[in-house]
Amino acid sequence: MTTERVCRSTAGVTALFLVIAQLVGAGDAAAKQYRVPGSVPSKCRKDAATQIQSWIDSAPDGATLRFERRACYRVERTLEFHNRWLTFD
């Protein structure tokens, strides 16, 4: 393989990585994590559906919504999210 061919191959691979990085990076907002607000009841004593729905609605597409560990969220109605791209953790 000649030096010229190696340089072209390297440039092609670099360009491919840049395109992939831009596609993945297109979700920089997507990479953001949103923790459940502290105001949301988390001990299963009170319905938290309205507050959780508001939190979901406020998050941008591609966000990761994080619930607190060992918390219990009482939900007494259906949570709705249509045509959204979200990750729940």
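Atom set for the values below is all heavy atoms of this structure, side chains included, hydrogens, waters and symmetry mates excluded.
Contact check for Leu65 versus Thr87: no side-chain heavy atoms found under the 4.5 Å cut-off. Put simply, the side chain of Asp57 does not reach to within 4.5 Å of the side chain of Ser54, judged on heavy atoms. Counting heavy atoms from C-beta on, the side chains of Phe88 and Thr64 never come closer than 4.5 Å. Annotation: side chain of Val75 is in contact with side chain of Ile52 (closest heavy-atom distance under 4.5 Å). Proximity of Tyr34 to Pro60: side-chain heavy atoms (C-beta onward) are separated by under 4.5 Å at one or more points.
The list of salt bridge (Lys or Arg N to Asp or Glu O under 4.0 Å) pairs with a residue in residues 38-53, not counting sequence neighbours, is empty. Counting only residues at least two apart or on different chains, the disulfide bond (SG atoms under 2.5 Å apart) pairs with a member in residues 48-89 are Cys44-Cys72. Pairs engaging residues 37-59 under the ring-ring contact (aromatic ring centres under 6.0 Å, His included) rule: Trp55-Phe67 [sequence neighbours left out]. Residue pairs meeting the side-chain hydrogen bond (donor to acceptor under 3.5 Å, both in side chains) criterion with at least one partner in residues 66-76, sequence neighbours excluded, are Gln33-Arg66, Arg66-Asp89, Arg74-Glu76.
Minimum heavy-atom separation, Asp61 to Arg84: OD1-NE, 2.6 Å. Of all heavy-atom pairs between Val40 and Ala48, the closest is CG1-CB, 3.8 Å.
For Gln51, there are no side-chain hydrogen bond (donor to acceptor under 3.5 Å, both in side chains) partners two or more places apart in sequence or in a different chain. Remark: Glu80 pairs with no residue by the salt bridge (charged side-chain N to carboxylate O under 4.0 Å, His left out) rule, at least two apart or across chains.
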